[in-house]
Amino acid sequence: MPYSFADIILPLAVRGRFTYSIPEHLSQSVLPGVRVRVQLGNRKIYSGIICRVHNNTPGFKNIRPVMEVLDPVPLVNERQLDHWQWISDYYMCSEGEVMKAAVPAALFPSGETSTPLTEKYKPRKETFIELAAKFSDIELNEILDKLARSPGQFKILTAYLHLTGYNSDSDIIPLRKSLLLKESGSSAGIFKPLIKKRILAAVNLEVGRLKDYGNMNEPLRQLSDSQRVAFNSICNSFKEKDIVLLHGVTSSGKTEIYIHLIEEQLKQGRQVLYMLPEIALTTQIILRLQKHFGPVTGIYHSRFNEQERVEIWNRVADKNPDTGYRLILGVRSSLFLPFSNLGLVIIDEEHDTSYKQHDPAPRYHARDSAIMLAALHKAKTLLGSASPSIESYNNAVNGKYGYAELKERYGLIKLPEIIIANTREAYRKKLMVSHFTPELLEAVDRALGRNEQVILFQNRRGFSPYIECPECGWIPVCIQCAVNLTYHKTLNRLVCHYCGYTSPVPSKCDGCSYPGLATRGFGTEKIEDEIKIVFPDARVARMDQDTTRTRNSFNRIIQAFEEHRTDILIGTQMISKGLDFENLTVVGILNADNLMNFPDFRAHERSYQLMEQVSGRAGRRQKQGKVVIQTSDPANKIIRLVLLHDYLTMFRLQAEERKNFYYPPFSRLIRISIKHKDKALLNKYADILGNDLKATFGRRVLGPEFPIISRIQLWYIKTILLKIEKEKPAAKARQMILESIDRLEKEKGATSLRIAIDVDPY
Ligand code: ADP
Ligand code: ZN
Ligand code: ZN
């Protein structure tokens, strides 16, 4: 029997679904997951996605019909729709907001639309190299003999033959030029003579249509004994549990274990989602994966343009094993791709806070949402980390998750030696050279002397976090936000890191007209400047938000460091995560103090993780690395634990503290922020909401109060935090919160408020 009504998700922040009638001529084509066009209100036409068809007559008159169906087959599958619904319920946002985050904008013009939705996208082409002719073995031998005098050309041809496994019986296989260059360690100019001699040929191929890679897949590496033990223990745990935590020290070979698990899933014909917290990381790991798994491997992150996103979306949806993606490596948003048959989700660096989306809604946590996604596919989830989140480790301790461990580095290389350098004492004894302690300078100097590489980590970008009048203490602040402006030397401007506002550097103080404003504190830009003065011969590069704005900037900086065209790399947390450099032996953490002095219940956990993580970049091959942590507080508990690589004690202390003060994982947090351009009105409405919530939730309500940054882009902000018992039904609490907010929104004048709900805030 045909259905009469359809519920439709529209790209709006309004909670709830919209019901339309299904006209008879569309009854065959209105299916869950197809895009449709409908009219909303008197004039507006929206495109939306059908999420349900049914026969329940809605309780309002004037039911409008679906105007047009835009897809012959569903664009979004039913599991995705279920997943969207879960995210919208749990994170208290509209399904429309989830849809906007999930579907590439090119497939889905949001808001009002009158032009038909055509999917215009150019297929992506890439240069490939192949043999110019199907040479026989004898011919090939002659060619190789002749090339013996040109080692560069010889090397690239042998690399090609090796990677493709060419023999005269097989077909000619095109190889990505970039891959061939990387594998042979050659530069691009080398192809010219070979192409001129008609030995090799360059072809432009559409990446989506490639098939025959069969031979280029490199065999898997053999697991070490302890890796084998961990691998087996993961497989065994998966027999009973859906989620397993792999706790492996840095460079223990977690990635290698993932690769083996992926192999098993692909063999069974299932898809794998492999999530990483940082784009910079994907560029390194994608090469490792493509080597084994070839073109079924796709990559997804925010640097792709809309057309490319559509292409990736289509290839994930493509069920043909020759042309579709089976393995996706991606950041947070990759969990929205149209998987049809997931067998395994891997969440690497599962503790990383960038898995949580702050703004705009949906404010989802990609780890937790991916666990849910895996459950919908009846797939397994593997969480990996060298320093797991307190939440996940606690779940392993209480048996909810399986647990596997890798305690040693691959090749039995020792974890890096940690040296704590006391900056306060060094300043007092006048031993500091700019921001560097003698310990750090000595370690860098030695590394450079041995032709090894160095990473310097500083959690702030720009030159100095603020400038100040030494006479009266005046500090320039943003005109739109309650924050100090950061001085950027290359721009020669002050910049607000919250809204992007910039201003010229004032020549004198606003308060007392004193002309000598001083820079205070230091960011990556300043470190770069000053390390160049100390080590004038070293090749220095910087990786932070300012140097990675263009699309390939990550690749360029990482590749230059990999190929040792850079000696010292300075960076923010971008460089702290899973990167793997062969020749990197010394890591410096320039200011551990500003990691820990953060008023957040996760500050200690985070600073431990960050220090452990950055340290983990040092000495990953051949020999033990060295890490210098600069701090004014060498006795600090967390630093002591990093020194001993003592995760377990860190976990115990943190878990105890959280239990005592009733923080996650022993409670649930929901944070409501309320914004208004008028401070007095904000106070008024925040109090109304606060009191209304207190009537229901009593002492579980904290605030309202101004957060540390109390104004952003002209909007004043107040927050209310709810701490709710784990045992209480969460759905009911969410509903009561929404009712309170509805009541507030009905107050006179409340329309000029902005309200945001953040469930499990980070
Ligand atoms: P993690 O992900 O735990 O930080 P990786 O998987 O990156 O560790 O491994 C660290 C280094 O050791 C990498 O360079 C990797 O290639 C190498 N490695 C790890 N396991 C193996 C193995 N079984 N065979 C060969 N090399 C390995
Ligand atoms: Zn002054
Ligand atoms: Zn600002």
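In each ligand, atom 1 is the first atom listed, and ligand 1 is the first ligand listed. By convention here, the first residue in the shown sequence is residue 1.
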Could I get the full list of salt bridge (charged side-chain N to carboxylate O under 4.0 Å, His left out) partners for Glu468, not counting sequence neighbours?
Arg520
Quick one: look up the protein heavy atom nearest atom 23 (N) of ligand 1 and list residue, atom name and how far away it is.
Gln222 O, 2.7 Å
Any idea how many protein N, O or S atoms are nearer than 2.8 Å to the Zn ion (ligand 3)?
4
Which ligand 1 atoms are under 4.0 Å away from a heavy-atom of Arg288?
5 (P), 6 (O), 7 (O), 15 (C), 16 (O)
Considering the heavy atoms of Gly253, write down every atom of ligand 1 situated less than 4.0 Å from one of them.
1 (P), 3 (O), 5 (P), 6 (O), 8 (O), 9 (O), 19 (C)
Gly248 to ligand 1, any heavy atom closer than 4.0 Å
no
re atom 16 (O) of ligand 1, the protein heavy-atom contact at minimum distance is Arg221 NH1, 2.6 Å
Please classify the Arg620 to ligand 1 contact at 4.0 Å (heavy-atom distances, strictly less than): side chain, backbone, both or neither.
side chain
Is there a donor-acceptor contact under 3.5 Å linking the side chains of Glu705 and Thr719?
no
Go through the side-chain N and O atoms of Asp544 and Thr524 and say whether any donor and acceptor fall under 3.5 Å apart.
yes
Would a line drawn from the ring center of Tyr487 to the ring center of Tyr466 be shorter than 6.0 Å?
no
Taking atom CD as the centre, does Gln268 end up with more than 12 heavy-atom neighbours from other residues, nucleotides or ligands that are less than 6.0 angstrom away?
yes
Decide whether Asp646 and Thr649 meet the rule of one side-chain donor and one side-chain acceptor closer than 3.5 Å.
yes
To which protein heavy atom is atom 19 (C) of ligand 1 closest, and what is the distance rounded to 0.1 Å?
Tyr410 CG, 3.4 Å
Sort and list the pairs that fulfil salt bridge (charged side-chain N to carboxylate O under 4.0 Å, His left out) and have at least one residue in residues 568-580, not counting sequence neighbours.
Glu278-Lys577, Asp352-Lys577, Asp580-Arg620, Asp580-Arg621
Atoms of the protein (N/O/S only) found under 2.8 Å from the Zn ion (ligand 2)
Cys469 SG, Cys472 SG, Cys509 SG, Cys512 SG
Measure Thr255 to ligand 1 on non-hydrogen atoms and call it side chain, backbone, both or neither using the 4.0 Å cut-off.
both
Less than 4.5 Å apart, any side-chain heavy atom of Tyr403 and any of His247?
yes
Side-chain heavy atoms of Ser392 within contact of Ser385, under 4.5 Å:
no
Judged by non-hydrogen atoms, does Arg621 sit under 4.0 Å from ligand 1?
yes
Glu256 and ligand 1 - part of the residue with a heavy-atom distance under 4.0 Å
both
Atoms in ligand 1 flagged as close to Gln227, the criterion being non-hydrogen separation under 4.0 Å
19 (C), 20 (N), 21 (C), 22 (C), 23 (N)
